[in-house]
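These values consider heavy atoms only, across backbone and side chains, with no hydrogens, waters or symmetry-generated copies. Just so you know, ligand 1 is whichever comes first in the structure, and atom 1 is the first atom listed for that ligand.
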Amino acid sequence: MIRAILLFAVLMNLLTQLASAEVSVADFDSIEVFTLTNSNGMVVKATNYGAIITNIEVPDRKGNVADITLGYNDVSGYMNAVDKPYFGSVVGRYGNRIAKGKFTLDGTEYTLAINNYPNSLHGGIIGFDKVVWDAEIVGDKAVKFSYLAKDMEEGYPGNLNVSVTYTLTDENEIVIDYHATTDKSTPVNLTQHAYFNLKGEGEGTILDHELRINADLYTPVDNILIPTGDLAPVDGTPFDFREAKKIGQDIDQTDDQLSYGGGYDHNWVLNREKRDGELELAARLYEPTSGRVLEVLTTEPGIQFYCGNFLKGNLKGKSDKPYVYRGGLVLETQHFPDSPNQPNFPTTILKPGETLDSQTVFKFSVDNE
Ligand code: GLA
């Protein structure tokens, strides 16, 4: 069942943000939070501000339910967040970094806002995480958010019609469907930026979580977190998650790549046995005390594993507990960072007449091992 709840309480607060956010009053009047529930008592909440998933409530192996995604109690929390953690949002038009905010397409050079010096990150200053999307309830288990990113918005060419649909299934899956069309060729890379802590949001670090990533290769970066262009083997490096291991196991090794990222903040090249466009397991996350498991399946070629290196404990979330250093991790299914400047990476250019269709599934369960 879906309940749409208008957030009257936050509207006054939101109105004070208009000058900085540069969006219209009418947009803010339409902010809603949608609640999806399933037959197992799992609850997912999402808002059309930034297409943010605000809550994911799932049982542990004893049946105790906890909210395992980081975030705030009201939309104003997301708008005012210091350090811009992108909790729960859809990032776009281009997820992750574009080097120096520049790319050339069909002979024209485009310049984007530098919001993560010296690069452009996650779509620019007002990316898809900071705009109000249209919302539509679909059936009794899904909500669809749509947004028209205008030609040259944040420096990107083309009017881009984009939608994301969140469906909660009775198999405890959040199915995420992205869809986009454009009237001019443009780079597009959409991803979901939910932070997970399977013990519960605010319950310490994620270094004790066990992670497996289905990838033999990753894309090493330079010291400004731009891929070098190499596809490097994970074998023999701290980036080898082919067998499940604790995230904290190798994170303090002396390693240039770990020092550039301040820990893990890299893109893995997913192994593919199925055809492009088919769902395949990308990663499996397990937390031993609760027994909670998250499996991430995707049609995308890559996954950015970011382990919350920029969290510092100064943000307090939904239950007023500080989000400590490495207190949440993000598994961002995506095309590779900086692809518009990397001829060897799979293309991210969407052309007029084409349709971008991409699917990612977050599947929750418990393991009694
Ligand atoms: C991504 C980036 C990180 C960081 C986070 C947001 O995961 O790769 O470097 O910017 O988003 O804090």
Side-chain angles (χ1 to χ4, degrees), residues 50-53 69-72 77-101 112-130 154 189-197 201 205-206 211 213 215 218-228 239 247 251 257-269 282-283 285 296 298 300 302-315 317 322-339 341-342 345 348 360 362:
I52 292 170
I53 295 178
T69 196
L70 279 55
Y72 299 100
Y78 292 91
M79 301 189 74
N80 295 323
V82 287
D83 295 344
K84 305 187 177 51
Y86 301 87
F87 287 151
S89 54
V90 166
V91 290
R93 176 177 312 205
Y94 198 93
N96 214 280
R97 292 174 178 79
I98 294 185
K100 312 235 164 94
L112 310 169
I114 307 299
N115 61 332
N116 185 244
Y117 186 80
N119 303 314
S120 184
L121 174 69
H122 288 339
I125 293 169
I126 304 177
F128 292 178
D129 59 297
K130 296 180 190 68
E154 294 294 322
N189 193 26
L190 303 170
T191 190
Q192 226 299 331
H193 209 282
Y195 286 63
F196 300 104
N197 183 327
E201 55 86 28
T205 82
I206 47 71
L211 179 64
I213 301 179
Y218 77 116
T219 53
V221 291
D222 62 16
N223 62 353
I224 54 167
L225 291 180
I226 295 296
T228 60
F239 295 82
I247 290 167
I251 204 168
Q257 287 299 317
L258 285 175
S259 80
Y260 295 154
Y264 296 109
D265 189 357
H266 295 75
N267 172 69
W268 273 252
V269 179
L285 185 68
V296 180
T298 190
E300 288 293 306
I303 194 166
Q304 182 89 8
F305 164 41
Y306 164 63
C307 68
N309 307 310
F310 296 121
L311 297 175
K312 304 188 196 81
N314 54 338
L315 299 180
Y323 289 151
V324 298
Y325 180 51
R326 297 178 175 158
L329 66 92
V330 191
L331 292 164
E332 301 159 66
T333 55
Q334 61 177 12
H335 276 57
F336 309 165
D338 196 39
S339 295
N341 296 309
Q342 304 271 356
F345 288 178
T348 51
T360 288
F362 293 147

Within-4.5 Å side-chain heavy-atom neighbours: Pro322 and Asn314:
no
Under 4.0 Å from a heavy atom of Gln304: which atoms of ligand 1 are those, numbered in the order shown and with their elements?
8 (O)
Hey, looking at atom 5 (C) of ligand 1, which of His266, Gln334, His193 has the closest heavy atom?
His193
Side-chain heavy-atom pair Gln342, Ile226 within 4.5 angstrom cut-off
yes
Under the 3.5 angstrom rule, does the side chain of Gln257 hit a backbone N or O of Val221 as a donor-acceptor pair?
yes
With sequence neighbours left out, what residues match Tyr264 under ring pair (Phe, Tyr, Trp, His ring centres under 6.0 Å)?
Phe239, Phe241, Phe305
Ligand-side contact atoms (ligand 1) for residue partner Glu332, heavy atom cut-off under 4.0 Å
1 (C), 7 (O)
Select one of side chain, backbone, both or neither to describe which atoms of Asn96 lie under 4.0 Å from any atom of ligand 1, heavy atoms only.
side chain
Counting each atom of ligand 1 from 1 as listed, which ones have a heavy atom of Arg97 under 4.0 Å away?
2 (C), 3 (C), 8 (O), 9 (O), 10 (O)
Does the ring centre of Phe87 sit less than 6.0 Å away from the ring centre of Tyr323?
yes
Enumerated ligand 1 atoms positioned under 4.0 Å from heavy atoms of His122:
1 (C), 11 (O)
In this structure, which one of Thr191, Asp265, Asn267, Thr333 forms a side chain to side chain donor-acceptor pair (under 3.5 Å) with Gln304?
Asp265
Does the pair Arg326 and Ile251 meet the rule for a side chain to side chain contact (heavy atoms under 4.5 Å, CB included), with working shown?
CA-CA 11 Å; Arg326 297 178 175 158; Ile251 204 168; 3.6 Å; yes
If the contact criterion is a heavy-atom separation under 4.0 Å, does Val330 count as touching ligand 1?
no
Which of the atoms in ligand 1, numbered in the order shown and given with their element, are less than 4.0 Å from a heavy-atom of Tyr195?
6 (C), 12 (O)
Sequence neighbours excluded, the answer for ring pair (Phe, Tyr, Trp, His ring centres under 6.0 Å) partners of Phe362 is Phe196
Under 4.0 Å from a heavy atom of Tyr86: which atoms of ligand 1 are those, numbered in the order shown and with their elements?
6 (C)
Nitrogen or oxygen of Asp265 less than 3.5 angstrom from that of ligand 1:
yes
For ligand 1, does Leu121 get within less than 4.0 Å through its side chain, its backbone, both, or neither, judged by non-hydrogen atoms?
side chain
